[in-house]
Amino acid sequence: MTERVTIDPLTRIEGHLRIELETEGGVISKAWSEATQFRGIETIVQGRDPRDAWAFTQRICGVCTTVHAIASITAVENAIGSNPPQQALLIRDMVMAAQEIQDHVIHFYHLHALDWVNVADAVKADPEATVALAKAIGSTWKGNTVERMQAVKDTVQSILDSGQLSIFTGGYWSHPDYRLPPEANLMAVAHYLDALEFQRSMIRINTVFGGKNPHPNFLVGGMACTLDPDRSESINQVQISEIQNWVNECLEFVEACYVPDAKAILTFYPDYFDIGASSPNYMAVGMSGAVFAGDPNQTPRYPTAMMAIKPGVIVNNDFSTVQPFDPKLISEDITSAWFTYTGGQSTLTPDQGETTVEYTGPNPPYTWLGDSEKYTWCKAPRYNGLPVQVGPLARVLLAYAQGHATTKALVDDAVKLYGISLAQLNSTAGRTLARAVECLTTAQNLVNETFPTFVKNLQQGDIAVFDPSKWEPASWPKGAASGYSFVEVARGNLSHWVTIKDGKVSAYQCVVPTTWLAGGRDENGEMGPYEVSLAGNGKHPLVDSSQPLEPLRTIHSFDPCMSCAVHVLDPDGEELQVAVS
């Protein structure tokens, strides 16, 4: 008998996501991914000075902060011909790396770990045995002491005794598929709390360079800060020494805590390397943190570790062949989304894209959206007509296929540990593992490449952070000027597309990672990656519809950011063209 199941809201994500499912015999047969909140950033920036666009687009999300600002200023720089100095670009790289590491750590511990970790069971653990377990899995984290584990156990016990579960409210703690022993649960809860402190500490890097966080300050043509090791009012040696400590802390936490935890937890859920497979196509333009102004196939403005792999696409799990990336093959389909395109087309390329609302859904509250052709506010991006996965898994697979030594060693170790094939990384567990692998390589690049290069340049007297030659509109190309950017951010490939005319933004589009992943069915009836991961092969488990833990594990493995996928709100709180029929 077919049962309809709705998960709304899908919690522990950024923004509003609704998942509708049909199940039969304990497995999912159909799925719909539904973004239920409209926000319209592209219409907000139209008519504005392009040098200000970053300040608006950065507000797309308070968690993915920095990345939209960098994508925006890079697209504008591409349009007007600005070339920021190398030190400014390195600062952006450091800000991006700090953001990414924080994002991955928050995702694993605070948004995803509780899908695998039973908090209530932690009180059954022996603190001494917990420390022994941490040592056995290779965790050298400084918080792995008997005193610390006992304190966390006592804290959890007091929470349970109070009847108020605080931050752990709403968990499916009675679900039979929690498999970790009590000591692993206690270790993970302790590290969950440690991660709260860590993520708060390490994001100070962004505050030094951007003045604040979230939403640091940026500047078309460079960075809105000054460098001078000898002046107190500039970023000087004191801040540089602090940043050195912070980047070292980043690498320490990821190496000593995050990666061992992720690898250990997944050993208890080996079947999830066969659950949650999504579209077998993957797209990226570089490693995490890669930034391109314009076509990524062109020579980057300067070499960095993030450019160590070339832009490329893997199709149908063929890891022996990396196809060249062509930005002209990107389109956005609105067959299942509440938008309309001039002329009635269902697809447009981003440089010609539109954000015009046509809501045809029911008046809320509603019970079911999947029976209608249009059921979401999320467009459906496609590459050469194909749904593709973007994000850590795509980047790790591309790096592996191109022989990136560090990535290859980490992946080979994992494949051996779990006894899986490379193709099985396309799974719920595989995406979770790939994020940990990428977080480690990002931290290593920050500590060993980006920050040392920045310091070396500074020691040689390079303090330039701004290109003034293209600041004034009179210096911009005459007539209309278009530009775009590609940035590899925490959740995947991000691109911004801008057209400037008469000194103002005349058109703007954002194609964000979660849009690539959360979009619905296209004109050919092809499901989006979230939908495929749940209903692609008709084998995804859902044992108890009242506790939909299994689909939560799978969707959380993508790290959804619906705020990015459906853009941002009118600053005055007004609805933008929304007409409910």
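Residues: numbered from 1 along the sequence shown.
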What residue pairs, at least two apart or across chains, pass salt bridge (charged side-chain N to carboxylate O under 4.0 Å, His left out) with a residue in residues 189-212? Arg148-Asp194, Glu197-Arg200
Excluding sequence neighbours, so at least two apart, what forms side chain to side chain donor-acceptor pair (under 3.5 Å) with Thr450? none
What salt bridge (charged side-chain N to carboxylate O under 4.0 Å, His left out) pairs are there with at least one residue in residues 451-474, not counting sequence neighbours? none
Sequence neighbours excluded, the answer for side-chain contact (heavy atoms from CB on, under 4.5 Å) partners of Asn448 is Gln444
By side-chain contact (heavy atoms from CB on, under 4.5 Å) - contacts of Pro214 (at least two apart): Thr65
Qualifying ring-ring contact (aromatic ring centres under 6.0 Å, His included) pairs with a residue from residues 73-100, counting only residues at least two apart or across chains: none
Tell me, which pairs form a ring-ring contact (aromatic ring centres under 6.0 Å, His included) where one or both residues lie in residues 68-105, sequence neighbours left out? His68-His496
Residues two or more places apart in sequence or in another chain: which of them pass ring pair (Phe, Tyr, Trp, His ring centres under 6.0 Å) with Phe454? Phe209
Output all residues satisfying ring pair (Phe, Tyr, Trp, His ring centres under 6.0 Å) with His556, sequence neighbours left out; order by chain, then residue number. none
Can you name the ring pair (Phe, Tyr, Trp, His ring centres under 6.0 Å) partners of His112, sequence neighbours left out? His107, Trp116
Can you sort out the partners of Asp351 under side-chain contact (heavy atoms from CB on, under 4.5 Å), two or more places apart, ordered by chain and number? Thr349, Trp497
Residues forming a ring pair (Phe, Tyr, Trp, His ring centres under 6.0 Å) with Phe325, sequence neighbours excluded: Tyr383, Phe486
